Structure formats: C-alpha cells, structure tokens
Amino acid sequence: MELDAKIPDGPIEEKWDRHRFEMKLVNPANKRKYSVIVVGTGLAGASASATLAELGYRVKTFCLQDSPRRAHSIAAQGGINAAKNYQNDGDSVRRLFYDTVKGGDFRAREANVYRLAQLSCNIIDQCVAQGVPFAREYGGLLANRSFGGAQVSRTFYARGQTGQQLLLGAYGALSRQVASGGVTLFTRREMAELVVEDGRAAGIIARDLVTGELERHAADAVVMATGGYGNVFYLSTNAMSCNVSAAMAAYRKGALFANPCFTQIHPTCIPVHGEWQSKLTLMSESLRNDGRVWVPRKAGDSRKPSEIPEADRDYYLERKYPAFGNLVPRDVASRNAKEQCDAGKGVGESGYAVYLDFRDAIKRDGRDVIERKYGNLFSMYQRITDEEPYTTPMRIYPASHYAMGGLWVDYNLMSTIPGLFVLGEANFSDHGANRLGASALMQGLADGYFIIPYTLGNYLADRPYDAHDKTSAAFTEAKEAVQGRIETFLSSTGRRTCDDIHRALGRIVWEHCGMARNNAGLDKALTQVEALEASFRQDLAMVGTAGSFNQNLEKTMRVADFLDFSKVMIADARARQESCGSHYNVDYQTEDHEARRDDTNFAHVSAWKYTGEDEAPERVIENLTFENVKLSQRSYK
C-alpha cells in the first residue's frame, strides 16, 4: 500500500494558494443538496460545523456533552500562536514554520506546517471579529507572550482562559447556524461505528448516551474532530471523557493510524498526589515566561524552598540551555525534570516534582502585574494544593497531555477512507514528534475555519448528493456489529471494574511508553497489555442495561478501545529505533542525554493498518522530504 499525501507542486509559499485555485468548487445552489456529519464540537469541530453551514451545506453535528461549550478545548490555557510580528522582534511566517518543524524534531510534513503558519494570521483576525477578548497592550494593540521552542513573542492570549474564549467564539458561530437551521445538533451522542459503503465514508452509528438507543445517520461526507488519545495513560491532563473510540472505529474500517507513539508529555502539571487520583491538572506553559524552574543542588535536600539560599539552587534549564532557558520545548523540559527527580533532587513528599518559582518576577514587576497575567491560574493551583504560589513556589511534574499522532490524512485532511476527513488533534499532520506550546488551538481553528471548507468541496464536487441511504445493508451491518459488541460486554459477570483495568493499563503504558522507552520495556509492555486484555475479556464486572443511561457501559467501550490502541502505540514505539522529540528511546541518545535521531532510516511517518482482531498491525511508510529546512541536531543551547 502506498500513501499519497497529495502535496501540491511549486514553491512552498505558493502551494496552498495554488491548490485552492486548482480545487473543484460546488456552486452555492448545489451546496444545499449535500449533507455532512461532523463528530466533535471542540475548536476544530465547532469551527468546521459553523463554516460549512455558513457555506450552505446541511450539517449534522454530534457531541458527547450536553453542550458544545463543554468540549475539552475549553481547558487550553496559555494561548494561540500567530506570525503577526506585533512585537517587531523578528517573527515571520517562515520563522513560525521553522520553529514548528524544528520543535517537532523534523518529523512533520513541511507543506502542512507552512500552510498552518500562513493561516495563523487569518485565525487571529477571525477571532477578534468574533469578539474573543485577547489581552491588549496599553495602546490597544493585541498583546503577545513567549512560549517554549521560540525566541520571539507570538502567542496571543486571554489571561489563562484562551481555549475557553476561543471556544466561545466558535460556539457562538455554531449556535447561529443551529438557530438558522443550517446545523442540526445532537448532544449526548457518541460515535459507535463508522459506516463505509462502496469504499467511502457513508455515515455513522451513534449511541444516545441517555437512552442507549443506536441511531443511523447517513451523509455525503464525515468529518471527525474527536480529539486525542492521551487518556490511554489513565492519568492525564485530558477530560475524563476524552477517548480514542471514534478513531479506532475508523481504524478498523481502513483508516490508517499514524505515529501513535508520539504523545506529548507536558512539563508543568500539578504532581500526582494519591493512588486513587482520576486525572491531573495542567498549569499553563505561559507560566514559564516569568517562573523559574529549579531544584536543590544537593540530592536529598528536604528544606523548605524559602530556606534554600540562592547558592544551593540549581536552575537547571537556564544552566543547560542558556539560549532558551525556561522556554525550551515541552519534551526537553519534561525529560530534564524527570532526570533531576531520578537523581534524587526532586521536591515534595513523593520526590517527583520540581519548583516553578515566581519570586524574582514578583520582585521585578510587582505582585499586581503577575496577578493580572496569571491570577486565575494561581487561584486554581491554590484551590488544588492549598499552597499560595505568590509566596511559595509551585511544584510541577510532567504528565500526559496531547497526542501528536492520529489518523493519517493527506494534504486535504482526508484519511485513507475516501470521504472521511479528520481535523485537529484527531489527525497526525502538523506537529511531528513534539508539539510546540500554543499550537494546538492554532491547528484546530486552521483546519475548521480555513482548510476543510475548500478540501471538502473539492471532494463533493464530482460526487452525487444523497448517495447513501441509512436503511442500506451497510448501515444495518454496522448497527448489528455495535449491538453485538454491547451484548458481549453486558454478558460479562466478572469482578474487575473497567476503571480498575484502565488504571492498570495506564501504569503499563506510562512506565514503558511514556517519557522514556527502551526495547526491552516495550516488549514487556506488549506482553502485559495482552495479559490485561485477557483479564478484561474474562473478568470484567458489568452492571446496567444497553437501553438506558449506563456510564459503566460507556467507560467499558472506551477502555476496550484503549486496550486495542495501546498495542498499536507500543508497536509503533518499538519499530522506531531512534529518539526524536517526545519519542525518547534511551538506547538512542547523545552524550549529553539528548534525543539522537536517525534520519537515514526513520525520516518518515509510520502509519499502521488494521489487519484483524488480535492480529499485529501492518506498518506503511510515508517518506518525509525536507527542501526548505535543513535537517540538523536539534539544539536549544
């Protein structure tokens, strides 16, 4: 099987404009004849639904929650990148492009990343027009701050609530289309199966989470914007309802899963505080603008931070990376925190934390300035830890946060199933082996507002409308498959809860496929996951019925998919015999413990094809070419 990314010819600066001109169009009168399903109402899904309906398409939009406003995009705190160069500090579209490719350790497609950098400026204009309350300078211009992996200030923000404010903008646009009839909104629905007919995406089977009813929905195209798979680790910064089930449904129907081992570990998370904790809370990366990361110089130093003099503090990121300091990319900051804690310099009761200290910033700028910038984040930290971060340094430790991997898509954001488009975190396309901070919101909105309206039209232009009927054999077969799966789960009479199994899976994956991996550990992890999956099938405790509100069944279906997905993730990590970005195989590191890439053998995308239940997936490669960025050892020193 060969993967055709459909990257346009010509200079990289002209590819997207040329491609937009060359794509086929659907005239306004015909747009009303086509129906589109959008699964997910985060930034990518909400912006896509609103934009497609604005163009005239008939849109059905599905979300897990009781309102699109509850999508996980609301949790993003720090900001959104754009190459506006308002600070006049040397930023440009090309610099944002370069920083993103370098930050992803040269494992992303150049053409996709350049398009993202180009569209970043349009996103800010769109959101300002919607009324998103970005922070402003005294004179009224939009303010910017710095984020990891960049030496310019290009991150637009709304205090520590940027994701929430951007989502409210997209939600407002979506609500307008719901009110006008352009969008039919289905809340409390979960995509249980993708329907493929004659080799094309034809619709979905959705489960009503309140009544348990299975619904058939046909459309001329399906757009998936269902987020990432970070909850495979159980403990993560993701909302507990975030899952991989929709992606796995598509994977089993022929969509390839690309780079599943590329998972972001975020360095500024509130540390784990108990055995039975169910999720973790993120402290925005924006805090690293003013907070200084440090540990005691001497291992085992248990003094309070206020009692440790300057001479006994090790600001290790500033020491090791003087050019970027505390603003190194997330993967570098995370690995260094782990290294300090493994050396016995960690702080707090567990020893798995480092300090993020604002003492010097408060002394320099005053508490009122820091409070204006980060006040809501400081309040959140205090509520969770009962510690006051203005006077006592925050304690942070890395945690699972974002999925760079996802379903494989071409330049048009279409998967290997014709008619199935994948947006935002659910696809793999823009971040390579590590995502720079403040780029997730940028990708989601670029995909939804500015890319899918063109590429979807190009697909539909030569397709008949209403080509799929929900009463067809393909829909009947898909619905029966879901019913059979549910009945199998409900027939289980074991003693282990799905939460118990999910927690055990998270420990396995975090230990062996988290911040650091090695070949022996990955082999062990696969064996352990297979044993855990056997326990899941034989000893699962189930309650409730299919035709009712049953959260136990919801979770069980998601855990089953996490178990299946983890085997693909581990296979991908095992196959990639190098270290790059967030994939850090300790068998491949430089003398100073940085990631050592192998560009000769692994400058490619690893996409995995489903071959059957309990069968090993097949690896398919898309080679990456670098014509505009020179491959080099990534350095932030």
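All figures in this text were calculated on a predicted structure; none of them were measured in a lab.
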Exercise. Is the number of heavy atoms from other residues, nucleotides or ligands within 6.0 Å of NZ (K253) greater than 12?
Worked result: yes
Exercise. Is a side-chain donor or acceptor of N231 paired with a backbone partner of C242 at a separation under 3.5 angstrom?
Worked result: yes
Exercise. With a 4.5 Å heavy-atom cut-off, do Q118 and F450 have their side chains touching?
Worked result: no
Exercise. Would the number of heavy atoms belonging to other residues, nucleotides or ligands and lying under 6.0 Å from NZ of K24 be above 12?
Worked result: no
Exercise. Got L553 and R207 here, is their nearest side-chain heavy-atom distance under 4.5 Å?
Worked result: yes
Exercise. Given H19 and N458, is the side-chain hydrogen bond (donor to acceptor under 3.5 Å, both in side chains) satisfied, shown in steps?
Worked result: CA-CA 10 Å; H19 190 54; N458 182 60; 5.6 Å; no
Exercise. Could you state the interatomic distance from CE (M380) to OG (S284), rounded to the nearest 0.5 Å?
Worked result: 8.5 Å
For this session: Evaluate the criterion side-chain contact (heavy atoms from CB on, under 4.5 Å) for residue pair R435 and S582; output intermediate values, then yes/no.
Result: CA-CA 9 Å; R435 178 175 70 75; S582 67; over 6 Å; no
For this session: Please lay out, stage by stage, how S245 and E190 fare under the test side-chain hydrogen bond (donor to acceptor under 3.5 Å, both in side chains).
Result: CA-CA 9 Å; S245 292; E190 183 157 22; 4.6 Å; no
For this session: Please answer whether the main-chain N or O of K33 pairs with a side-chain N or O of R58 as donor and acceptor at a distance below 3.5 Å.
Result: yes
Problem set entry | Those residues that, when tested against A117, pass side chain to side chain contact (heavy atoms under 4.5 Å, CB included) (two or more places apart) | V93, L96, F97
Exercise. Just by distance, do the side chain of D220 and the backbone of D466 share a donor-acceptor pair under 3.5 Å?
Worked result: yes
For this session: For the residue pair T162 and L441, establish whether any side-chain heavy-atom pair is separated by less than 4.5 Å.
Result: yes
For this session: Flag the pair F186 / H217 as yes when their ring centroid distance falls below 6.0 Å, and as no otherwise.
Result: yes
Problem set entry | Minimal non-hydrogen separation, L490 against A546, with atom names | CD1-N, 3.4 Å
Seminar exercise, completed: In short, G42 meets L167 closest at the heavy-atom pair C-CD1, 3.9 Å
Exercise. Would you say N434's side chain and G103's backbone share a donor-acceptor pair under 3.5 angstrom?
Worked result: yes
Problem set entry | Contacts of type side chain to side chain contact (heavy atoms under 4.5 Å, CB included), residue Y459, not counting sequence neighbours | R200, A221, M414, P418, F421, R463
For this session: Side-chain contact test, heavy atoms from C-beta onward, threshold under 4.5 Å: evaluate it for F257 versus D572 and give yes or no.
Result: no
Exercise. Can you find a heavy atom in the side chain of Y171 that is under 4.5 Å from one in the side chain of S67?
Worked result: yes
Problem set entry | Any side-chain donor near an acceptor of the partner, N376 and Q77, under 3.5 Å | no
Exercise. How about C127 and F156: do any of their side-chain heavy atoms sit closer than 4.5 Å?
Worked result: no
Exercise. Are any side-chain N or O atoms of S415 and backbone N or O atoms of L420, one a donor and one an acceptor, separated by less than 3.5 Å?
Worked result: yes
Exercise. Taking atom CE of M569 and atom CH2 of W608, what is their separation to the nearest 0.5 Å?
Worked result: 13.0 Å
Exercise. Closest approach of Y454 and M23, non-hydrogen atoms and distance?
Worked result: CB-CE, 3.4 Å
Exercise. Yes or no on side-chain contact (heavy atoms from CB on, under 4.5 Å) for Q264 and D331, after CA distance, side-chain angles and deciding distance?
Worked result: CA-CA 7 Å; Q264 175 126 101; D331 62 316; 5.6 Å; no
Exercise. Between E54 and R176, is the closest basic N to carboxylate O distance under 4.0 Å?
Worked result: yes
Problem set entry | Residues in ring pair (Phe, Tyr, Trp, His ring centres under 6.0 Å) contact with H468, at least two apart in sequence or another chain | none
For this session: Check the pair D125, K84 against salt bridge (Lys or Arg N to Asp or Glu O under 4.0 Å), reporting the backbone distance first and the verdict last.
Result: CA-CA 10 Å; D125 296 341; K84 286 284 195 180; 2.8 Å; yes
For this session: Give the minimum heavy-atom separation between S73 and L43, together with the two atoms involved.
Result: OG-N, 3.0 Å
Exercise. Does the side chain of L287 come within less than 4.5 Å of T268's, by heavy atoms?
Worked result: no
For this session: Decide side-chain contact (heavy atoms from CB on, under 4.5 Å) for H431 and F262; before the verdict, give the C-alpha distance in whole Å, the side-chain angles of both, and the deciding distance to 0.1 Å.
Result: CA-CA 9 Å; H431 305 297; F262 288 167; over 6 Å; no
Problem set entry | R20/D17 salt bridge by N-O under 4.0 Å criterion | yes
Exercise. Looking at A250 and M224, what are the two nearest heavy atoms and their distance?
Worked result: CB-SD, 4.1 Å
Problem set entry | Whether E622 side chain and R109 backbone form a donor-acceptor pair below 3.5 Å | no
Exercise. R216 and side chain to side chain donor-acceptor pair (under 3.5 Å): which partner among T476, T471, D469?
Worked result: T476
Exercise. Would you say N81's side chain and G437's backbone share a donor-acceptor pair under 3.5 angstrom?
Worked result: yes
Exercise. Is there a donor-acceptor pair under 3.5 Å between the side chain of N552 and the backbone N or O of N550?
Worked result: no
Problem set entry | Full working for side-chain hydrogen bond (donor to acceptor under 3.5 Å, both in side chains) between Y234 and R503 | CA-CA 6 Å; Y234 185 73; R503 188 180 292 109; 3.2 Å; yes
For this session: Enter the distance from N30:CG to L25:CG here, rounded to the nearest 0.5 Å.
Result: 11.5 Å
Exercise. Can a cation-pi geometry be assigned to R330 and Y402, taking NZ or CZ under 6.0 Å from the six-membered ring centre and within 45° of the ring axis?
Worked result: no
Exercise. What heavy-atom pair brings A446 and L116 nearest, and what distance separates the two atoms?
Worked result: CB-CD1, 3.8 Å
Problem set entry | Ring center gap for F233 and W510 short of 6.0 angstrom | yes
For this session: Would you check if L194 and I417 make a side-chain contact, meaning some heavy-atom pair closer than 4.5 Å?
Result: yes
Exercise. Does CD belonging to E477 count more than 12 external heavy atoms closer than 6.0 Å?
Worked result: no
Exercise. Do the side chain of K479 and the main chain of I205 share a donor and acceptor less than 3.5 angstrom apart?
Worked result: no
Problem set entry | Parallel, tilted or perpendicular, as decided by the 30° and 60° cut-offs, for the rings of F428 and W408 | parallel
For this session: With side-chain contact (heavy atoms from CB on, under 4.5 Å) as the test, would you mind laying out the steps for D561 and R252 before giving the verdict?
Result: CA-CA 11 Å; D561 289 322; R252 295 187 190 101; 2.7 Å; yes
Exercise. Do any N or O atoms from the side chain of D99 and from the backbone of A150 form a donor-acceptor pair under 3.5 angstrom?
Worked result: no
